Amino acid sequence: MSRPERPVLVVIAHGSRDPRHAATVHALVRRVRAQRPGLRVETGFLDFNIPSVQGVLKSLAADGVRDVVALPLLLTRAFHAKSDIPAVLREAPSRLRVRQAEVLGPSPLLTAALERRLYEAGLTPADKSSTGVVLASAGSTDPEAIAVIAEIAREWRHTGWCAVRPAFASATFPAGFPRTEDAVRELRALGCERVAVAPYVLAPGFLPDRIARGAAGADVLSDVLGPAPEVARVLLDRYDEARMPALAALGA
């Protein structure tokens, strides 16, 4: 009995007018392909960039593909994961069986990617105890997403950093979440010898640029997560988790 074909992985990115966004998404997808040779991986965008998610799904159906795992390229379960993406997937061609994977975060691998970027920006593990870190995310009004960011900061603090403070870049700030620049000042006042800003975002764009401006008073600003190998591994983990129920049903 032949083994069933692996579902195609469709990475769903938000899209942006900023060309750096799509370039970073494509670089991440190339790393995913390199980590899992033989897996077909396609990329679709919700807005601004092509191909669109709808266009990718129609093309796959025309190619005779039957099974797809749609993976939101998101760090938290907020509006896009809960509303926008399910709505788009409901419009997929009827011949496709589409399973929506979980968002990427939270994951210890993403925390490892954050540390990788900080070390690439000049810090060393020996600097942890004297360095305060601003965990700067794009922001959300979704209570679940807000709680996840706060918990990531709390857990990361326990790995040895002087302090870790969450901050939001969006215009709407939930109670207790400062802007990046306010969190930098808070860590200075706390007595941290140095302050680093770690963007908890996947690709460059408007809000990451706002994080960078807010980091003007920090000693270190790391890069976005982008195509870090740990991020690619999380994508593949989420893909495997989504496809396992179907494989079990087939006895694979």
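Computed from a prediction, not measured in an experiment: that's the story for all the values here.
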Parallel under 30°, tilted from 30 to 60°, perpendicular over 60°: which one fits the rings of His14 and Phe48?
-> tilted
Distance (rounded to the nearest 0.5 Å) between Leu57 CG and Leu89 CG = 6.5 Å
Over 12 non-hydrogen atoms of neighbours within 6.0 angstrom of NZ in Lys82 = yes
May I ask you to decide whether Glu5 forms a salt bridge with Arg66, counting only side-chain N to carboxylate O separations under 4.0 Å?
-> no
Ion pair present between Arg6 and Asp240, side-chain N to carboxylate O less than 4.0 angstrom?
-> no
Test item: Leu235 and Gln35 side chains (from C-beta on) under 4.5 Å apart, heavy atoms | no
At what distance, to the nearest 0.5 angstrom, does NE2 of His21 lie from CZ of Phe206?
-> 15.0 Å
Taking side chain as C-beta onward, heavy atoms only, is Val103 less than 4.5 Å from Leu75?
-> no
Can you find a pair of side-chain heavy atoms, one from Pro51 and one from Glu42, that are under 4.5 Å apart?
-> no
Tell me, do Phe45 and Ile50 make a side-chain contact under 4.5 Å, heavy atoms counted?
-> no
Contact summary for Ala228 and Ala113, nearest pair of heavy atoms | CB-CB, 4.1 Å
Indicate, with yes or no, if Leu221 and Leu207 share a hydrophobic cluster defined by side-chain heavy-atom contacts under 4.5 Å among Ile, Leu, Val, Met, Phe, Trp and Tyr.
-> no
Kindly compute the distance separating CG (Leu135) from CZ (Arg154), expressed to the nearest 0.5 Å.
-> 11.5 Å
Return the minimal non-hydrogen interatomic distance between Val234 and Leu104, and the atom names on each side.
-> CG1-O, 3.5 Å
Please report the closest heavy-atom contact between Gly105 and Leu110, naming both atoms and the distance.
-> CA-CD1, 3.6 Å
Should Glu230 and Arg233 count as an ion pair when the cut-off is N to O under 4.0 Å?
-> no
Polar side-chain atom of Arg117 near backbone of Leu225 as donor-acceptor pair, under 3.5 Å | yes
Do the non-hydrogen side-chain atoms of Leu28 and Val11 ever get within less than 4.5 Å of each other?
-> no
Nearest atoms (heavy-atom pairs only) where Pro208 meets Val201 = CG-CG2, 3.9 Å
Main-chain N/O of Thr124 paired with Asp127 side-chain donor or acceptor, under 3.5 Å = yes
Rounded to the nearest 0.5 Å, what's the gap from CD1 on Ile211 to OG on Ser137? Could you check?
-> 7.0 Å
Would you call Leu109 and Asp237 a side-chain contact if the rule is heavy atoms closer than 4.5 Å?
-> yes
Can you tell me if Arg194 uses its side chain to pair, donor with acceptor, with the backbone of Asp219 under 3.5 Å?
-> no
What residue among Val69, Val8, Val32 forms side-chain contact (heavy atoms from CB on, under 4.5 Å) with Val41?
-> Val32
Would the number of heavy atoms belonging to other residues, nucleotides or ligands and lying under 6.0 Å from CZ of Arg97 be above 12?
-> yes
Check: Tyr200 and Leu114 side chains under 4.5 Å, non-hydrogen atoms | yes
Starting at CZ of Arg95, measure out to CG of Asp67 and round the result to the nearest 0.5 Å.
-> 10.5 Å
Given side chains that start at C-beta, do those of Ile85 and Leu74 come closer than 4.5 Å, heavy atoms only?
-> yes
